[in-house]
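Source: prediction; values computed, not measured. Order of listing sets the numbers, starting from 1, for every ligand and every atom in it.
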Amino acid sequence: MQGVGFRPFVWRLATRLGLVGSVENIATGVAIEVAGPREDVRALVEGLSGATPPLAVVTAVTVEDSPTDPQQDPPATEAQGFVILDRRATAPRGVGAVSGILVPPDVAACPACLAEVGDPADRRHRYPFTNCTDCGPRYSIIERLPYDRGTTTMRGFAMCDRCDEEYRDPASRRFHAQPNACPDCGPTCSFLPSGPAGFDDVAPCTGADAIAAAREALLRGAIVAVKGIGGYRLACDATDAEAVERLRVRKGRPSKPLAVLVADVAAVRRLARCDEQERLALESAERPIVLLSRDPARFAGAETSRASPIADAVAAATATLGVMLPDAPLHHLLCEGLPPLVMTSGNVADDPIVHDDAAALDRLAGVADAVLRHDRPIHAPCDDSVVRCMAGVAVPLRRSRGAVPLVVPLGNTGPDVLAIGGDLKAAPCVTRGALAICGAHVGDLGSVATLGSLERAVDHLLCLTGARPLAVAVDLHPGWISTAWARRWAAARGVPIVAVQHHEAHVASLVAEQGGVSHDQDGPWIAVCFDGTGFGHDGTIRGGEIFVVERDAVDPAAFQPRRIAALEACAMPGGDAAAREPWRA
Ligand SMILES: [Zn+2]
Ligand SMILES: [Zn+2]
């Protein structure tokens, strides 16, 4: 992946060992060439799988001896040192120029950056856009490859001398950190209160004053639209029943539970049960919403025995509460010392999350009392990711901010194929070579606006992967909006669509996720799929189904799911309408 700080990591390692040579990105990973005493070279190789940067994943290290020819290769001298080669400048520009190399997801602020934000002596003290090679926005700000400041939404901010120095220094934590910024040169935030004619865009207060004003407004019971990493979110005091009720009415969300943001795990434990697994999920780099149990019988310890301070209207009818910790420094600064804050997607009803500044002022005008925004544009919107810990495993319910792009190795190489899922909880995925790359959650395809964001999510995914799909996989259901969209998309590009039965698609993705397609695992597996409804090959709607998955007899690289049991069929008058209105059946 690009932008994970791996080359500087190698540089530091090699320089410390006094080795001579170079490191560079190549299509399949990173190539390192070194010369030096054998034991030092061995130490370097061992170090490569050691304390790597948090975002880097080393899947394999291959070592080759390259004997030097004294006639042709003059002996390396100490003075040459170890260098980071950057040949991207000479490589062809544009999509796919660095095939095989992907960009990482957006990453929550790292402890080193947060320490700087909290240090009055640091030049980034209380700076809400502090980031480094280990953290900060990525997926949401990259417009195209190769990943460079000029191809991100940071290109409008020219680095000051001190930031530029960090950016060029391989020993710095900010070497080639594309979103690198400081109060002198980076983005700023501003606070816009609501006036008689919409939000007051004329003289907003900026910088630290903006965050202070937003905090004050929240404490007064206001609904504040806060621009985050992946889009605008609506915030209010979660302990203020009247504010929560007002938010629900204005947003047109009468009953679905809302998530809350708190500063740290201690604050989480005052609201809900949080075991070790759940703590790890909350504090992971993707900072998802984690669904936690509020069942008093399951609370352990005195700290959770008090009545919950959260207003009933936040998550009235459920025994769970969605909780998240701050991701960007902006949110750390916003929520420290405040009561728990409701944080929900900045949208009305089921529309996609608002990420564009002009659209936010327009569409959130009737919803929010004020706006806390910043001037770093969001290119690829992402909603919050959602996970739930079950039986000791953090199970993703929605993969989005921080969790995309997700790369799943398939074991086999195949043609590029685009898949967009069904009508509900749609999310695009594309295969490229032996990888499946999943994009951000789009949502339910019920409106023109969500179809627009599906289009956008597909474009972004294809741009980041350089994939050129030879087919589009869709659900077998002939009446779905996703199928109609895919038909149009495929026709415009002259590629076929491939219809896949809903539950068989789930089974295939499960097998891939479990590493089942690698050749060392033969199966068979039992796959249990209870997922609402899926249109069947025989034209019936399927409820729950159980499959046996075995290697294909003809093509050993393929797997075939065979249905062995299913819920009994019943009449569904009105088709899908009967699922929403069971009295019909
Ligand atoms: Zn950092
Ligand atoms: Zn700067």
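Taking distances strictly below 2.8 Å, the protein N/O/S atoms close to the Zn ion (ligand 2) are Cys160 SG, Cys163 SG, Cys182 SG, Cys185 SG.
Heavy atoms of other residues, nucleotides or ligands lying less than 6.0 angstrom from CD of Glu33 number 12 at most.
Just one of Val442, Val404, Ile437 meets the side-chain contact (heavy atoms from CB on, under 4.5 Å) condition when paired with Pro428; it is Val442.
With the Zn ion (ligand 1) as the vertex, atom SG of Cys132 and atom SG of Cys113 span an angle of 100° (nearest 10 degrees). Rounding to 10°, one obtains 120° for the angle at the Zn ion (ligand 1) between SG (Cys135) and SG (Cys110).
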Between Cys205 and Ser190, does the side chain to side chain contact (heavy atoms under 4.5 Å, CB included) criterion hold? Intermediate values first, please. CA-CA 6 Å; Cys205 67; Ser190 48; over 6 Å; no

Output, in order, the C-alpha distance, side-chain angles, deciding distance and verdict of side-chain hydrogen bond (donor to acceptor under 3.5 Å, both in side chains) for Asp106 and Ser140. CA-CA 7 Å; Asp106 302 310; Ser140 61; 3.1 Å; yes

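Taking the six-membered ring wherever Trp is involved, the centroid distance between the rings of Tyr139 and His379 does not fall below 6.0 Å.
Side-chain contact check for Asn347 and Tyr232: no donor-acceptor pair (N or O, by modelled atom type) lies under 3.5 Å.
Taking the six-membered ring for Trp and thresholds of 30 and 60 degrees, Phe9 and Phe6 have ring planes inclined between 30 and 60 degrees apart.
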